[in-house]
Amino acid sequence: MRKRIPAVLLAIAAVSMAVVAQTGGQAAALARSQDETVSLGYLRTVAYAQRQYKKKYGEYATSLAALVHSGSFTKRMATTDRGAYTVQFHGKPEAFWLGLVPKQFDPEHRAFYTDETGKIRVEEDKPASAESPLLR
């Protein structure tokens with residue numbers, strides 16, 4: 001008798017493998033919690049969507065809503081409430097920055113920041129910025 005793997009489990013496995021392939025497994029290895037893993041994935045998705053947007057239009061998007069359909073960025077992703085985190089976004093045609101601030105700071109909920117350089121920065125107890133240490 002054969003056991004069948006439910007389609008939902010196959011879909012979850014496929015998404016997980018795609019995230020690992022896109023990030024080289026780095027996001028999961030650097031995250032301290034599931035909330036951080038999801039937040040780092042969101043951060044990378046926005047950065048990728050910005051690169052795609054710039055490739056197509058010659059400049060960065062100035063709002064999250066403008067990124068819809070760039071890369072894998074969806075309309076739902078344009079909301080700034082991301083569960084345990086709040087999104088801070090500032091975009092100009094020549095540059096952008098994105099911050100994720102936890103609703104509650106603790107060892108499993110740090111703040112993250114990235115900009116057009118693609119480098120991810122982190123802070124333990126305050127919003128992250130361009131001057132924050134790199135995530136390692």
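Remark: Tyr60 pairs with Phe96 by the ring pair (Phe, Tyr, Trp, His ring centres under 6.0 Å) rule, at least two apart or across chains. By the salt bridge (Lys or Arg N to Asp or Glu O under 4.0 Å) test, Asp125 pairs with no residue at all, sequence neighbours left out.
The shortest non-hydrogen separation linking His109 to Ser33 is NE2-OG, 4.4 Å. What you find for Thr79 and Tyr42 is that their closest heavy atoms are O-OH, 4.2 Å. Smallest separation of non-hydrogen atoms from Arg76 and Arg82: O-NH1, 3.4 Å. Nearest heavy-atom pair across Phe112 and Val122 is CE2-CG2, 3.7 Å. Phe105 and Pro127 make their closest contact through CZ-N, 3.8 Å (heavy atoms, listed as atom of the first residue, atom of the second, distance). Val101 approaches Ala111 most closely through the heavy-atom pair CA-CB, 4.5 Å.
Note on residues 83-101: no pairs pass side-chain hydrogen bond (donor to acceptor under 3.5 Å, both in side chains), not counting sequence neighbours.
Connection of Leu98 to Leu30 is established within a shared hydrophobic cluster, with ILVMFWY side chains joined at heavy-atom distances below 4.5 Å, either directly or through further cluster members. Residues Leu64 and Val68 share a hydrophobic cluster, clusters being chains of Ile/Leu/Val/Met/Phe/Trp/Tyr side chains in contact below 4.5 Å. When the side chains of ILVMFWY residues are joined at heavy-atom separations under 4.5 Å, either directly or via intervening members, Tyr113 and Leu100 end up in two distinct hydrophobic clusters. In the hydrophobic clustering of ILVMFWY residues, with side-chain heavy atoms under 4.5 Å counting as a link, Phe89 and Met77 come out together.
To the nearest 0.5 Å, atom CD of residue Glu124 and atom CZ of residue Arg110 are 5.5 Å apart. Rounded to the nearest 0.5 Å, atoms NZ (Lys54) and OG (Ser70) are 14.0 Å apart. Rounded to the nearest 0.5 angstrom, Leu43 CG and Ile120 CD1 are separated by 5.0 Å.
Taking the side chain as every heavy atom from C-beta outward, Gln50 and Glu116 never approach each other to under 4.5 Å. Residues Val46 and Val87 fail the side-chain proximity criterion, which asks for heavy atoms closer than 4.5 Å. Looking at Asp115 and Arg121, their side chains never come closer than 4.5 Å, going by heavy atoms from C-beta outward.
Annotation for Lys103: atom NZ counts as buried by contact number, over 12 foreign heavy atoms lying within 6.0 Å.
A donor-acceptor contact under 3.5 angstrom links the side chains of Ser132 and Glu123, judged on distance only.
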